Protein chains: 2
Amino acid sequence: MGRHREFDVEKALDAALCVFWRKGYEGASYADLTEAAGVERPALYSAFGNKEALFRKVLARYYERYVDYLPAALQLPTAREVAARALQGAIDLTTRYPEHTGCLAIQGVLAGSDEAEPVRQALIEARAEGEAQLRKRFERARAEGDLPETARPDTLAAFLMAVLHGMAVQAKAGFSRDTLEAVAEQALATWPAGKSTPS
Amino acid sequence: MGRHREFDVEKALDAALCVFWRKGYEGASYADLTEAAGVERPALYSAFGNKEALFRKVLARYYERYVDYLPAALQLPTAREVAARALQGAIDLTTRYPEHTGCLAIQGVLAGSDEAEPVRQALIEARAEGEAQLRKRFERARAEGDLPETARPDTLAAFLMAVLHGMAVQAKAGFSRDTLEAVAEQALATWPAGKSTPS
DNA sequence: GGGGTTTAGTAACGATCATTACGAAAATGA
DNA sequence: TCATTTTCGTAATGATCGTTACTAAACCCC
């Protein structure tokens with residue numbers, strides 16, 4: 001029983017996601033969020049909790065709906081294809097929407113006031129989780145002979161993440177897709193070859 | 001004539017630099033800055049102007065005193081040495097001080113409120129300036145036969161900057177120096193060889 | 001069609017933000 | 001020693017921050 005909710009929760013989350021993507025966690029004010037969502041302040045609070053809780057919901061939604069290329073990439077047959085697909089996915093994501101370039105999950109890791117520290121930690125953990133998945137995948141690749149015995153899965157994962165993050169920064173700085181694709185190609189030029197190269 | 005300044009302007013700038021490095025432009029409040037500098041608010045204002053002006057002074061000081069490895073790297077004889085030195089310099093810089101990891105010039109580019117937009121633009125321009133210097137250096141290297149004719153200086157510069165930025169993000173996420181050095185080594189593995197390899 | 005329950009919206013909360021009047025203190029020049 | 005000039009430090013400015021009482025409206029169940 002009780003009154004029905006008049007606004008669409010999904011649409012409000014999407015609106016909040018756009019604002020956070022563009023301005024980061026601390027750069028987005030509650031006034032920005034309510035205006036984008038077309039919802040009054042107490043309605044947002046009652047629906048999602050405070051700003052931090054709202055951001056965490058948005059972050060989960062972001063990984064689920066926008067970083068879906070990563071789990072897809074992890075299932076490709078070779079480590080090189082995994083890396084290539086991850087790079088291409090990141091380029092798409094960080095340049096597809098002109099109004100919010102870059103990567104939402106990176107826009108808040110770097111700096112902020114002391115009150116934003118828990119949020120920074122959450123973003124760091126999410127980043128580490130993605131890297132761990134890549135590392136495990138590359139360990140499997142080495143076991144399968146897809147990567148040479150001398151290859152170091154942890155280094156390859158860290159390197160790939162570094163390029164991904166660097167491209168996210170560059171996308172935020174206004175780089176074109178073509179430039180980012182040249183960067184990705186250069187990054188792949190180093191990729192160690194396995195025993196058999198699939199034709 | 002008039003009363004002498006009681007605090008050391010250089011030390012105050014250094015203190016502000018540390019705070020901005022740790023918290024970014026918007027994350028650092030004037031209360032943080034005055035506390036770190038040990039100077040009352042109006043004294044900082046009269047000495048440096050408002051927060052944005054203070055940040056710009058700090059940014060110039062940062063490039064001058066901490067990113068001095070870049071001009072040094074540009075003068076090395078081969079493009080590969082330039083890249084290797086830039087990577088190593090960035091690793092040093094972003095991991096040397098545990099209390100403020102990462103790169104001050106990156107911590108504010110990514111996101112922020114609308115009022116911080118001019119500062120973001122300034123950081124983007126500074127970043128672009130560094131990349132342009134690298135590109136010109138690699139063009140010279142190609143002309144000198146240090147890089148093959150097929151090498152693309154703009155791509156190499158963009159790639160190198162991507163790795164540098166990615167490592168800055170990772171340093172802020174707590175990566176160890178050893179891990180970053182492995183990343184740099186992997187990045188250098190892609191480097192195109194010139195006509196003559198210096199022994 | 002009331003009673004109980006949930007939402008919507010106005011309006012305000014205290015805290016902190018960057019910024020600055022203003023008067024006391026200190027130093028120079030005459 | 002007095003007048004002038006600059007700095008210092010207290011205290012306050014209006015604005016905005018995230019958050020929340022509180023009241024009126026809308027809904028379900030009995």
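No hydrogens, no waters, no symmetry mates; every other heavy atom, side chains included, goes into these values. From a predicted model like this one, the values you see are computed outputs, not experimental measurements. Throughout, protein chains are lettered first and strands after them, A, B, ... in sequence-line order, and every chain is numbered starting at 1.
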Quiz: residues 121-128 of chain A side-chain donor-acceptor pairs under 3.5 angstrom, not counting sequence neighbours:
| unit_1 | atom_1 | unit_2 | atom_2 | d |
| --- | --- | --- | --- | --- |
| A:Gln121 | NE2 | A:Glu117 | OE2 | 3.0 |
| A:Arg127 | NH1 | A:Glu131 | OE1 | 3.0 |
| A:Arg127 | NH2 | A:Glu131 | OE1 | 3.3 |

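Of the residues listed (A:Lys136, A:Arg135, A:Arg142), the one engaging A:Glu139 in a salt bridge (charged side-chain N to carboxylate O under 4.0 Å, His left out) is A:Arg135, and it is the only one.
Note on the helix from C:dG1-D:dC30 to C:dA30-D:dT1: angle between the axes of the first and last five pairs equals 0°, rounded to 10 degrees.
Considering all non-hydrogen atoms of both residues, B:Gly49 and B:Tyr30 come closest at O-OH, 3.5 Å.
Residue pairs meeting the side chain to side chain donor-acceptor pair (under 3.5 Å) criterion with at least one partner in residues 16-26 of chain A, sequence neighbours excluded, are A:Lys23-A:Asp32, A:Lys23-B:Asp114, A:Glu26-A:Ser113. Identified under the side chain to side chain donor-acceptor pair (under 3.5 Å) test for residues 172-183 of chain A, with sequence neighbours left out: A:Gln88-A:Glu181, A:Asp92-A:Arg177, A:Thr95-A:Arg177, A:Ser176-A:Thr179.
When rounded to the nearest whole Å, the span between NZ of A:Lys51 and P of C:dA15 equals 19 Å. Following rounding to the nearest Å, B:Glu40 (CD) and D:dA12 (C1') show an atom-to-atom distance of 14 Å. Separating the CZ atom of A:Phe55 from the P atom of D:dG18 is a distance of 13 Å, rounded to the nearest angstrom. A:Leu44 has its CG atom 14 Å from the C1' atom of D:dT20, to the nearest Å. When the P atom of D:dC27 is taken as reference, atom CZ of A:Phe7 falls 15 Å away, rounded to whole Å. Separating the CD atom of B:Glu115 from the P atom of C:dT16 is a distance of 19 Å, rounded to the nearest angstrom.
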TODO: May I have the step-by-step check of salt bridge (charged side-chain N to carboxylate O under 4.0 Å, His left out) for B:Lys11 and B:Glu6, ending in yes or no?
DONE: CA-CA 12 Å; B:Lys11 288 185 180 176; B:Glu6 292 186 0; over 6 Å; no

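Comment: A:Arg120 does not engage A:Glu115 in a salt bridge, judged by the lack of any side-chain N to carboxylate O separation of less than 4.0 angstrom. Salt bridge status for B:Glu10 with B:Arg61: present, with a side-chain N to carboxylate O gap under 4.0 Å.
Not a single donor-acceptor pair under 3.5 Å links the side chain of A:Lys51 to the backbone N or O of A:Ser29.
Within a 6.0 Å radius of CD in A:Gln75, other residues, nucleotides and ligands contribute 12 heavy atoms or fewer.
You'll find the side chain of A:Phe138 stays beyond 4.5 Å of the side chain of A:Gln133, heavy atoms only.
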Open item on the list: Does the protein touch nucleotides 20-30 of chain C at the base, only the backbone, or not at all? Give it as B, S and - per nucleotide, heavy atoms under 4.0 Å.
Closed with: BB---BBSSS-

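Less than 4.0 Å separates DNA chain D from no heavy atom of any residue of residues 25-37 of chain B.
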